[in-house]
Undergrad: 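Starting off with a structure, shown below.
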Amino acid sequence: MSQEVRVRFAPSPTGALHIGGVRTALYNYLFAKKQGGKFLLRIEDTDQARFVPGAEDYIKEALDWMGISPDESPWHGGPHGPYRQSERKSIYKEYAMDLLEKGHAYYAFDTAEELDAMRQRLTAARVVSPQYNSITRTQMKNSLTLPADEVKARLEAGEPYVIRVKIPRKEEVRLQDKVRGWVMVHSNTLDDKVLMKSDGMPTYHLANIVDDHLMKITHVIRGEEWLPSAPLHVLLYRFLGWEESMPTFAHLPLLLKPDGNGKLSKRDAEKHGFPLFPMSWTDPDSGQVADGFRDQGYLPEALVNFLAFLGWNPGDHRELFTLEELVEAFTLERIGKSGTKFDINKAKWYNEQYLRKKSDHELAAYLTADLKKEGIQIPQDNAEKIVSVMKERATFPADLWKEGRFMIFAPETFDTQVAEKKWNADAAKVLTAYSEKLEALQEPLDAATAKELLAVSAEECGVKLGKVMQAVRLAITGVGAGPDLMQVFEILGKEELIKRIGFSLKTLGIAG
RNA sequence: GGUCCGUUCGUCUAGGGGUUAGGACGCAUCCCUUUCACGGAUGAAACACGGGUUCGAUUCCCGUACGGACUACCA
């Protein structure tokens, strides 16, 4: 019998979700759905000092926007709640006591200063890595060194203490990681990590093991930064008697900065002008606003596709995947091992691809929304026509309006470079003739007619159409590049064209 | 420093003991075209290095170099 696959994404609410965290969430989601299992979200808020208001709402909104909402979470609830660690405080204590009783953990009363002094002493003695371990714990104030009655007295007196794990002196700890294979470390390189803090909260190490077990998590998919502490986690499963049901681990390669090396940071994002967060985030302390992918015009389906390919690939040559297709194709086995540099160009390319897949109807909504901000209203069918000719050249929805301004506003100035090179008396002659033909036209202008009339006008003036085409474009749009001119003409309509021709003839002159 | 992890075009990557080392982004050129863009075609561009193992290694093993993560009463 195969048990239900259950995975979790476990962010701590310390601010906006980092894009790397979003990818971790996505991989968890993809794996869960592929396996027909559950994707849960657990808030790891055991560090009260780092709690940031609004962060949890942000996480929820970001995942919803990406289309990867969890099945169980603080806000959806579920059979294994609560899903906020701060609300599970009493649970952890119970397991810490269990560890204490079994001799796998002990009380420690050392103050921060004493800890510091120990590290300094060790550093001075040229100990390579000063840590609280099987050697040093014999010289510290803990329930291993202090007489039992003193420990009891200190506890009863309410003296602050932590509970530390007692790492065995000599043991090989192995774990099989789904992406790295076998990883082996010696327990003597591990230190006696704090399990329960003096404020009564568990540390990540205890909390994540207890919760994963209680929440019946089958696979732990998380960032590579957790790999060094994974052996400790294996040990904890063993000490708690849960080794049989220990989840499978998969440590994801890190997201690296685009140039040079190192973990992707906010600094890099700013330097290269791309966001680091899925959505904009306002720091509640400084009030500083950091831009997000959503705000810069990235489509969620593009971001999902892009992120999925940062460290994973389907093994064939397909590049474009919907969320559903990703679910279908996803396997842990195809996750790469090495760190991945963040290339925003590729993200833009994905955005273009998905933008072009959208219907004119959907795209028109972006345009009308932008226009509304400027107090402009245009008919829906007009908006749809505009986006249909503009979408091939847009990366972001906002480009529809930015690049297509001339579709609504007549040019007030003309690109001087193009004017110098292309504007001449021939162009003025042709346009004058063209304007007259448009005046005489009874029915509404369509692209084919627009072209025919223009061709006739050129012929009458004894000018080759190709020679003046750029000048015509300049006269109507003000610039030298843009979508198919005749389509533009059709959208503009003859009255608007006549007006624009009149203005450009006046402004650019008829002699050239 | 220590522990762990990694290394195929500039980037994301496929591949795997014998291949013209494949694709995508970006770049260049050409075609399409009234321009730009789209699209199409073509091109430049990679197995970090040194030892093994082997008839043969980019692929397997070991080193070296380089890079990264971790090294908190943070997660």
Side-chain angles (χ1 to χ4, degrees), chain A residues 10-14 44-47 49-50 85 108 110-112 115 119 123 126-132 160-164 177 179-181 183-186 188-191 193-205 207-208 222-231 251 253-254 256 258-263 306 309-320 334 336-350 352 356 389-394 403 418 422 451 454 464-474 477 479-486:
Chain A
S12 59
T14 54
E44 309 233 323
D45 55 350
T46 54
D47 187 355
R50 293 211 306 160
Q85 291 186 326
D110 317 277
T111 63
L115 254 16
R119 288 192 193 104
T123 309
R126 280 191 237 262
V127 172
V128 282
S129 53
Q131 49 181 19
Y132 209 116
Y161 66 89
V162 300
I163 297 174
R164 286 181 181 271
D177 186 277
V179 346
R180 325 247 150 212
V183 177
M184 201 265 288
V185 297
H186 288 98
N188 60 26
T189 66
L190 267 26
D191 62 346
K193 281 268 182 296
V194 170
L195 263 19
M196 293 292 286
K197 300 184 269 188
S198 55
D199 65 358
M201 278 293 198
T203 58
Y204 171 84
H205 302 296
N208 104 86
R222 75 225 302 189
E224 194 191 328
E225 67 268 29
W226 292 110
L227 195 53
S229 56
H251 288 94
L254 259 16
L256 271 21
D259 55 353
N261 293 297
K263 214 169 158 181
F306 169 65
F309 273 68
L310 250 31
W312 173 87
N313 76 84
D316 55 35
H317 284 163
R318 290 176 298 161
E319 300 278 339
L320 263 17
R334 296 208 64 87
K337 290 176 171 50
S338 44
T340 301
K341 287 184 185 165
F342 198 84
D343 179 14
I344 197 64
N345 257 333
K346 195 96 176 216
K348 285 182 181 163
W349 178 78
Y350 274 114
E352 287 163 0
R356 279 167 209 149
V389 300
M390 291 308 300
K391 68 176 166 190
E392 294 302 310
R393 52 220 316 119
E403 307 292 323
V418 182
K422 302 286 183 182
K451 183 159 193 176
L454 187 60
K464 275 210 157 156
L465 186 54
K467 287 275 183 200
V468 293
M469 219 42 206
Q470 279 294 83
V472 173
R473 175 181 292 282
L474 178 77
T477 68
V479 291
D484 182 90
L485 239 202
M486 296 310 128

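Here is how names work: the chains are called A, B, and so on, in the same order as the sequence lines, proteins then strands, and each is numbered from 1.
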Undergrad: Pick the closest RNA chain B nucleotide for A:His317 and for A:Ala481 by heavy atoms, then say which residue is nearer the 5' end.
TA: A:His317
Undergrad: Could you give the distance separating B:C31 and B:A37 at their P atoms, to the nearest angstrom?
TA: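 Straight-line distance between the two P atoms is 14 Å.
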Undergrad: Think A:Asn345 has a side-chain N or O under 4.0 angstrom from the OP1 or OP2 of B:G26?
TA: no
Undergrad: Using the 3.5 Å cut-off, write out each protein N or O paired with an N or O of nucleotides 69-75 of chain B and the distance between them.
TA:
from  : atom 1 : to       : atom 2 : distance (Å)
B:C73 : O2     : A:Ser198 : N      : 2.7
B:C73 : O2     : A:Ser198 : OG     : 2.8
B:C73 : N3     : A:Ser198 : OG     : 3.0
B:C73 : N4     : A:Asp110 : O      : 3.4
B:C74 : OP2    : A:Lys197 : NZ     : 3.2
B:C74 : O2'    : A:Asp47  : OD2    : 3.1
B:C74 : O2'    : A:Arg50  : NE     : 3.2
B:C74 : O2'    : A:Arg50  : NH2    : 3.1
B:C74 : O2     : A:Arg50  : NH2    : 3.4
B:A75 : OP1    : A:Thr46  : OG1    : 2.7
B:A75 : OP1    : A:Lys197 : NZ     : 2.7
B:A75 : OP2    : A:Tyr204 : N      : 3.1
B:A75 : O3'    : A:Glu44  : OE1    : 2.8
B:A75 : O2'    : A:Ser12  : OG     : 3.2

Undergrad: Counting only side-chain nitrogens and oxygens, does A:Lys346 get under 4.0 Å of the OP1 or OP2 atom of B:U11?
TA: no
Undergrad: At 4.0 Å (heavy atoms only), tell me whether A:Arg334 reaches a base, stays on the sugar-phosphate, or touches nothing.
TA: sugar-phosphate
Undergrad: Are the side chains of A:Tyr204 and A:Thr46 in touch, meaning some heavy atoms are under 4.5 Å apart?
TA: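 The answer is no, as the side chains (C-beta and beyond) never meet within the 4.5 Å cut-off.
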Undergrad: Name the pairing partner of B:C30, where a pair is Watson-Crick or G-U wobble with both distances under 3.5 Å, or state none.
TA: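 With both distances under 3.5 Å, B:C30 matches B:G40.
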Undergrad: Under 4.0 angstrom, heavy atoms only, what part of the nucleic acid is A:Asn208 near: base, sugar-phosphate, or nothing?
TA: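 No contact.
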Undergrad: Counting only heavy atoms not in A:Lys197 (residues, nucleotides, ligands), do more than 12 fall under 6.0 Å from its NZ?
TA: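 Atom NZ in A:Lys197 is crowded, with more than 12 foreign heavy atoms closer than 6.0 Å.
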Undergrad: In Watson-Crick or G-U wobble terms, both distances under 3.5 Å, what is the partner of B:U59?
TA: none
Undergrad: Counting distance only, does the side-chain N/O of A:Asp177 pair as donor-acceptor with the main-chain N or O of A:His251 below 3.5 Å?
TA: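 Side chain of A:Asp177 to backbone of A:His251, a donor-acceptor pair under 3.5 Å: yes, one is there.
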Undergrad: For A:Asn313 and B:G23, what is the distance between atoms CG and C1' respectively, to the nearest whole Å?
TA: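 Whole-Å distance recorded here is 10 Å.
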Undergrad: Write down the partner of B:G1 under the Watson-Crick or G-U wobble criteria, each distance required to be under 3.5 Å.
TA: B:U71
Undergrad: Please check: side-chain N/O of A:Arg334 versus main-chain N/O of A:Trp312, any donor-acceptor pairing under 3.5 Å?
TA: no
Undergrad: What is the separation between atom NZ on A:Lys337 and atom C1' on B:C4, rounded to the nearest whole Å?
TA: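 Whole-Å distance recorded here is 15 Å.
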Undergrad: Select base, sugar-phosphate, or nothing to describe what A:Gly466 touches, counting heavy atoms under 4.0 Å on all strands.
TA: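 No contact at all - A:Gly466 keeps every heavy atom at 4.0 Å or more from the nucleic acid.
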Undergrad: Does any nucleotide pair with B:U64 by Watson-Crick or G-U wobble geometry, both distances under 3.5 Å, and what is it?
TA: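 Checking every strand shown, B:U64 finds its partner in B:A48, with both distances under 3.5 Å.
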Undergrad: Please compare A:Arg356 and A:His186 by the position of their nearest nucleotide in RNA chain B and report the one closer to 5'.
TA: A:His186
Undergrad: Looking across every strand, which nucleic acid part, if any, lies under 4.0 Å from A:Gly223 by heavy atom: base, sugar-phosphate, or nothing?
TA: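 If one applies the 4.0 Å heavy-atom cut-off, A:Gly223 turns out to touch nothing in the nucleic acid.
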